[in-house]
2 protein chains.
Amino acid sequence: MTRALTRKGEATRARIVAGAAAEIRERGVDEVRLEDVMAHTGTSKGQLFHYFPDGKEGLLLAVAQHEADQVLLDQEPMLSNLTSWPAWLAWRDRLIERYLAQGVKCPLNGLLGQTGRRAPGAQAIVTGLMWRWQKAITEGIRHMQSTGDVDPDLDADRAAAALLAGIQGGVLLLLSTGKIDHLEAVLDLTIDSLRAGARTGGS
Amino acid sequence: MTRALTRKGEATRARIVAGAAAEIRERGVDEVRLEDVMAHTGTSKGQLFHYFPDGKEGLLLAVAQHEADQVLLDQEPMLSNLTSWPAWLAWRDRLIERYLAQGVKCPLNGLLGQTGRRAPGAQAIVTGLMWRWQKAITEGIRHMQSTGDVDPDLDADRAAAALLAGIQGGVLLLLSTGKIDHLEAVLDLTIDSLRAGARTGGS
DNA sequence: CGGTTTCTGGACTTGCAGGTCCATTTTTGC
DNA sequence: GCAAAAATGGACCTGCAAGTCCAGAAACCG
């Protein structure tokens, strides 16, 4: 019963989400008014509330989900194939490239702080994103352990957790300082550290 | 000429900042109205605009500065004395303890995303905080290098940048997931990694 | 086709939070 | 103690952005 959308309606809905996402990325969550979304997507207020009966709340939630999915998609196919050191470096390069291009515009930053508190659902979206992200990294590490490229005694989950945190912090620092250095340092040092434990099995 | 504050006035101003900070920590930036601050600090609207002629903007800026300073103060005296491994671990424990207690309430998270964009000054405050923080860590690493406890060939700045990023990300993940695991993993693994390079000078 | 549903546009309402103003009280400095 | 300056309280104004409503156009389905 959640379905009562014409083909045209579905297109409009998608256009609204995409447009709102772009607007938010560009100017920040709290700077975007529904009017801006309307103007930017060529829609009317009636449409907005037709597709998002919960108003801004619901729209932001949809945008958050959209952006969260995009974050992971942008890392493919590298993220799901961390099966060799060149693959790891390719992933590293993709991340750097992506966030360098993105610059100060983070779609989820504001959503975490702002929507995160009011909408309980937004919290879930971010948590889900982080969980999926970390899972992919963990699998990458496990694979490298299976091929003997990483110390098998290493706690893959813990290492992935640390790496994920480093990435998040690196992006955060990119947002506040405008420099990519932190993200680079995290990725390079962490990958180096993973490689270091390969041959030297001595503990 | 910036000075025209009575002793009483200064106290009131401080009370407003502290109260607003508490309120923001508790409920998030965008959920706090000036009225809330008034109620919570026992002040009137006239006072608010008397001490902060720029209105909410100026108040948030003052709060941000206050909180930024607090973040570093909370880590003292450990942060400025990272001169032995026990000292590093004490710092680690302090961080864990502090953020565990703080839980989901981050004073600067919202300020980064929200005020960060509108107030150009807020950006500077956050950047300044990060810079001071990283500098302290760098000095700690350098000291350990001088005593031979850390590989002297290590790029201390880069390592500090990575660690800082990890901490920020760990806190971010604490905010979104409610779990301290990421922060713990970052601190433990990074410190372990620093120790690992001590004796083995072979590259 | 024709009835029904969905889609669209935009005028209107509403509430509220930031900001203004000034009259009164307190503090200060001489 | 007394003028001047700062501190305080709170009524008032204002703009704006979310949300409501409904009437007309377009799309769907038999």
Side-chain angles (χ1 to χ4, degrees), chain A residues 1-20 23-24 26-64 110-111 114-115 117-119 121-122, chain B residues 1-20 23-24 26-64 110-111 114-115 117-119 121-122:
Chain A
M1 270 312 145
T2 35
R3 270 296 168 98
L5 283 187
T6 311
R7 183 173 286 268
K8 188 181 179 185
E10 201 135 12
T12 304
R13 203 195 118 105
R15 183 158 42 96
I16 292 174
V17 171
E23 201 81 356
I24 287 173
E26 199 63 36
R27 309 173 39 203
V29 200
D30 40 68
E31 294 298 324
V32 172
R33 323 284 159 214
L34 291 188
E35 252 183 88
D36 301 326
V37 176
M38 286 159 54
H40 193 271
T41 61
T43 49
S44 67
K45 194 157 268 187
Q47 285 166 288
L48 250 57
F49 282 86
H50 180 65
Y51 294 107
F52 303 95
D54 294 339
K56 203 179 188 179
E57 193 83 20
L59 175 57
L60 287 184
L61 225 57
V63 169
L111 293 176
Q114 180 163 39
T115 318
R117 271 197 226 241
R118 39 186 196 205
Chain B
M1 270 311 145
T2 35
R3 268 298 168 99
L5 283 186
T6 311
R7 182 172 288 265
K8 187 182 181 187
E10 202 134 13
T12 303
R13 202 194 120 104
R15 182 158 44 96
I16 292 174
V17 171
E23 201 80 356
I24 287 173
E26 199 63 38
R27 307 173 39 204
V29 199
D30 40 70
E31 293 299 322
V32 172
R33 324 283 159 215
L34 291 187
E35 253 183 86
D36 301 326
V37 176
M38 287 160 53
H40 193 270
T41 61
T43 49
S44 67
K45 193 157 270 186
Q47 285 166 286
L48 249 57
F49 282 86
H50 180 65
Y51 294 106
F52 303 95
D54 295 337
K56 200 177 189 181
E57 191 83 21
L59 175 57
L60 287 183
L61 226 57
V63 168
L111 294 177
Q114 179 162 40
T115 320
R117 273 198 224 241
R118 36 187 197 205

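Below, each value reflects all heavy atoms present in this structure, side chains not excepted, and no hydrogens, waters or symmetry copies. Sequence lines set the chain letters: A, B, ... in the order given, protein chains first and strands last, and positions in each chain run from 1. Remember, it's a predicted structure, so these values are computed and weren't measured experimentally.
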_Closest nucleotide among D:dA26, C:dG18, C:dA17 to the B:Leu34 side chain_ = C:dG18
*asked:* I need the CZ-P distance between A:Arg33 and D:dG15, as an integer number of Å.
replied: 16 Å
*Is there a donor N/O on one and an acceptor N/O on the other, under 3.5 Å, for the side chain of B:Lys45 and the base of D:dG9?*
no
*May I have the distance from A:Glu10 (atom CD) to D:dA27 (atom C1'), rounded to whole angstrom?*
15 Å
*asked:* Tell me the interatomic distance from B:His50, atom NE2, to C:dG18, atom P, rounded to whole angstroms.
replied: 20 Å
*Do the side-chain N or O atoms of A:Gln47 get closer than 4.0 angstrom to the phosphate oxygens (OP1, OP2) of C:dC7?*
no
_Measuring to OP1 and OP2 of C:dT6, would you say a side-chain N or O of A:Tyr51 lies under 4.0 angstrom away?_
no
_Below the 4.0 Å mark, does D:dG10 have OP1 or OP2 next to a side-chain nitrogen or oxygen of B:Ser44?_
no
*Round to a whole Å and report the spacing from CG of A:Asp54 to P of D:dG19.*
9 Å
*For A:Ser44, does its backbone N or O pair with a side-chain atom of A:Gln47 as donor and acceptor, under 3.5 Å?*
yes
*Could you give the CZ-to-P distance, from B:Phe49 to D:dG9, as a whole number of Å?*
16 Å
*C:dG18 phosphate, OP1 or OP2: any side-chain N/O from B:Lys56 under 4.0 angstrom?*
yes
*Quick one: is C:dT8 close enough that its OP1 or OP2 comes under 4.0 Å of any side-chain N or O from A:Thr12?*
yes
_Side-chain N or O of B:Thr6 versus OP1/OP2 of C:dT28: is the shortest distance under 4.0 Å?_
no
